[in-house]
Protein chains: 2
Amino acid sequence: MTTTARARVRAELTEEIKAIARRHVAEQGASSLSLRAVTRELGMVSSAVYRYFASRDELLTALIVDAYNTVAAAAEAADATKRRSDTRGRWIATAHAVRDWAKANPEEYALIYGSPVPGYQAPADTIDPALRVSLVPLRIIVDGVANGAITTDERIETTRTVRDDLAQLRSLAAPGVPDSVLSRGLLVWTQVMGAISYELFGHLHNVVHDDDAFFDLQVRQAGRYLLRGAANPSRPARAARGGAATPVMAVPSTRGRGARAAP
Amino acid sequence: MTTTARARVRAELTEEIKAIARRHVAEQGASSLSLRAVTRELGMVSSAVYRYFASRDELLTALIVDAYNTVAAAAEAADATKRRSDTRGRWIATAHAVRDWAKANPEEYALIYGSPVPGYQAPADTIDPALRVSLVPLRIIVDGVANGAITTDERIETTRTVRDDLAQLRSLAAPGVPDSVLSRGLLVWTQVMGAISYELFGHLHNVVHDDDAFFDLQVRQAGRYLLRGAANPSRPARAARGGAATPVMAVPSTRGRGARAAP
DNA sequence: TCGAAACGAGAGCACTGCTCTCGAAACCAA
DNA sequence: TTGGTTTCGAGAGCAGTGCTCTCGTTTCGA
């Protein structure tokens, strides 16, 4: 209403600067983003951009915030395609959505989940959007525990400090989720992000060739673990129920036989 | 023997350049590494460094190779402190060693496991040292399968292409390890790296405060999964056959009750 | 011993982020 | 409508960067 013409054109120009910068980042990476190149493309002179962003880092921060929000939106949308009670389906869909976004926007992914570009400071503006992404898997876990899809019989040992951390996280975003499941959830989530980073940053080159199918396998395997936890040690590979701990060294050793095909 | 004086001083100077560059990277990050600053500290003029490294990227590549080798050495040393049959202990020690190195050398960790700094090319010189790191957990898994510490009864479904990838990896570095365990191993390893990256890059700020204890918890939890796989679905939460399992839906729903302490 | 190779110094190019100044335009209140 | 204030873009300039090229000097190897 009371938006003056100047304010409107300012908002538009700010958005335009971000759009061009985003394209440059997507094309050549964040480290080689040049303010001068952006303003050149806008027909402006380099000093003019400082009316809109105080520094190059501030522009990058704006891009980071946008990136967090778009990947969060993608995750939320994928999550919403499944029935709320379909814990496994929601998990798989969310993980794939994040990876798909990452593969479509690798430089933006690197911008937010790779090494921090400037020094080490994470500006306060970025923590809320960053949190928004993590809330998706957390909600899935909350629902999964509530409807029984996630088993809660696992027991963990840890320090008082970690239990406090988990309690705080529970009170903020994961009501009803016991420590063991909360820790398991963080575990599988960091696994998803680690797998995406490993793939995108080339650490699986020449090892995995069918990236799509491999990620799908990993996400399903991790999902199974998320829902059920680790197998009980007192019921080991042996068929025995009578206790029977794992028979260490009872399996024929395959050491020293060199490379050999396996099942 | 036949090393001329010139060759010797050249090797020394090359090493000195790398040392100074490494210090600069550790202090201010890789993105702000300046060749001119390095040569200035050496008392040389900027153009002289090009007699030793063809470009800034080539210097960074040398640092990357060194970083891979030092973290690999740290992992190998930690692995060697445990008995070979102690699969769980070796796993935990190796994971902690990598994290300890990462925390002691965060910028170098970011250099090799963060977003690739230059464009996307991973020079051929870096793939062998990078592989060296991954061989440590692979050896642990090979030994664990051989001596029965790792259960092999899990079954996975995936494509022919992924099975081929796994078979190739098995023939190269993991003899005797079935697909399911190999995939599980890659899963927990990417989890470890994901957890380290998450912590180092600040994604757990204000969520986890006792980083050390939390990482230890996660590594132990992941280690349990690595050894045993996920719990069996065919023996579900129902209180089937003597084995005290989780009663699905028999637990009072905690949704909507807000924050509540959990076991 | 002598030609060739390697080396360091220096100047220079094109580029960067960022600061400062200055005149014009837009805003808002009297 | 007028006049003071704020906002804006342009331009020049500073310090810094990676990298190239040239030019004497030093060292090597036949």
Side-chain angles (χ1 to χ4, degrees), chain A residues 1-18 20-25 27-64 107 111 116-119 121 123, chain B residues 1-18 20-25 27-64 107 111 116-119 121 123:
Chain A
M1 207 58 189
T2 170
T3 58
T4 134
R6 182 133 80 184
R8 202 165 51 228
V9 63
R10 179 183 178 84
E12 283 173 11
L13 243 169
T14 305
E15 221 39 56
E16 200 165 351
I17 291 172
K18 281 204 292 182
I20 295 179
R22 184 159 31 234
R23 222 192 55 236
H24 285 198
V25 165
E27 287 169 359
Q28 310 163 17
S31 58
S32 60
L33 170 65
S34 156
L35 285 189
R36 293 182 112 111
V38 171
T39 56
R40 216 177 295 133
E41 192 167 326
L42 261 172
M44 291 201 320
V45 88
S46 75
S47 60
V49 78
Y50 290 91
R51 303 282 183 195
Y52 300 88
F53 296 93
S55 70
R56 179 177 176 275
D57 280 5
E58 195 173 297
L59 211 193
L60 274 176
T61 300
L63 295 186
I64 288 174
E107 296 289 352
L111 191 60
V117 182
Q121 91 285 12
Chain B
M1 206 58 192
T2 170
T3 57
T4 132
R6 181 132 81 184
R8 202 166 50 229
V9 63
R10 178 182 179 86
E12 283 173 11
L13 243 170
T14 305
E15 221 37 57
E16 201 164 351
I17 291 172
K18 281 203 292 181
I20 295 179
R22 184 157 32 233
R23 223 193 51 237
H24 285 198
V25 165
E27 287 168 0
Q28 310 162 17
S31 58
S32 60
L33 171 65
S34 156
L35 285 189
R36 294 181 112 110
V38 171
T39 56
R40 217 178 293 132
E41 192 168 325
L42 260 172
M44 292 201 321
V45 87
S46 74
S47 61
V49 80
Y50 290 91
R51 303 281 183 195
Y52 301 88
F53 296 93
S55 70
R56 179 177 177 274
D57 280 5
E58 193 172 299
L59 212 193
L60 275 176
T61 300
L63 295 186
I64 288 174
E107 296 289 353
L111 191 61
V117 183
Q121 91 285 12

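Every chain is numbered from 1 and lettered A, B, ... according to where its sequence line falls, protein lines coming before strand lines. Remember, it's a predicted structure, so these values are computed and weren't measured experimentally.
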Partners of A/E15 by salt bridge (Lys or Arg N to Asp or Glu O under 4.0 Å), sequence neighbours excluded? A/K18

Sequence-distant partners of [X], side chain to side chain contact (heavy atoms under 4.5 Å, CB included), two or more places apart:
| X | value |
| --- | --- |
| B/A11 | none |
| B/R6 | B/T4 |
| B/S32 | B/Q28 |

By nearest atom, which of the nucleotides C/dA9, D/dG9, D/dC19 is closest to the A/A48 side chain? D/dG9

By nearest-heavy-atom nucleotide on DNA chain D, the more 5' of B/A7 and B/S47 is B/S47

Begin from the C-alpha positions of A/L35 and A/Y50 and carry the test side chain to side chain contact (heavy atoms under 4.5 Å, CB included) through to its verdict. CA-CA 9 Å; A/L35 285 189; A/Y50 290 91; 3.4 Å; yes

Just name whichever nucleotide pairs with C/dT21, Watson-Crick or G-U, keeping both distances under 3.5 Å, else none. D/dA10

Rounded to whole angstroms, how far apart are [atom1] on [X] and [atom2] on [N]?
| X | N | atom1 | atom2 | result |
| --- | --- | --- | --- | --- |
| B/Q28 | D/dG16 | CD | P | 13 Å |
| B/E12 | C/dA6 | CD | C1' | 17 Å |
| B/L60 | D/dT17 | CG | P | 15 Å |
| B/E16 | C/dG8 | CD | C1' | 15 Å |
| B/R10 | D/dC28 | CZ | P | 13 Å |
| B/E58 | D/dC19 | CD | C1' | 14 Å |
| B/R8 | D/dC28 | CZ | P | 10 Å |
| A/L35 | D/dG16 | CG | C1' | 15 Å |

Under-3.5 Å donor-acceptor pair between A/S55 side chain and C/dG17 base: no

Counting distance alone, no hydrogens or angles: does the base of C/dG17 have a donor or acceptor under 3.5 Å from a partner atom on the side chain of A/R36? yes

Would you indicate whether the side-chain heavy atoms of B/V38 and B/V49 approach each other to under 4.5 Å? no

Of all of residues 39-46 of chain A, which get a heavy atom below 4.0 angstrom from DNA chain C, listed by number? A/R40, A/S46

Within the distance-only criterion (no hydrogens, no angle test), does the side chain of A/R51 pair as donor or acceptor with the backbone N or O of A/R10 below 3.5 angstrom? no

[N] OP1/OP2 closer than 4.0 Å to side-chain N/O of [X]:
| X | N | answer |
| --- | --- | --- |
| A/R56 | C/dG17 | yes |
| B/S34 | D/dG18 | yes |
| B/T4 | D/dC28 | yes |
| A/R6 | D/dC8 | no |
| A/R51 | D/dT7 | no |
| B/Y52 | C/dG8 | yes |

Applying side chain to side chain donor-acceptor pair (under 3.5 Å) as the test, list every pair that has at least one member in residues 34-49 of chain B; sequence neighbours left out. B/R23-B/E41, B/H24-B/E41

Which is true for A/L59 with a 4.0 Å heavy-atom rule: it touches a base, it touches only sugar-phosphate, or it touches nothing? nothing

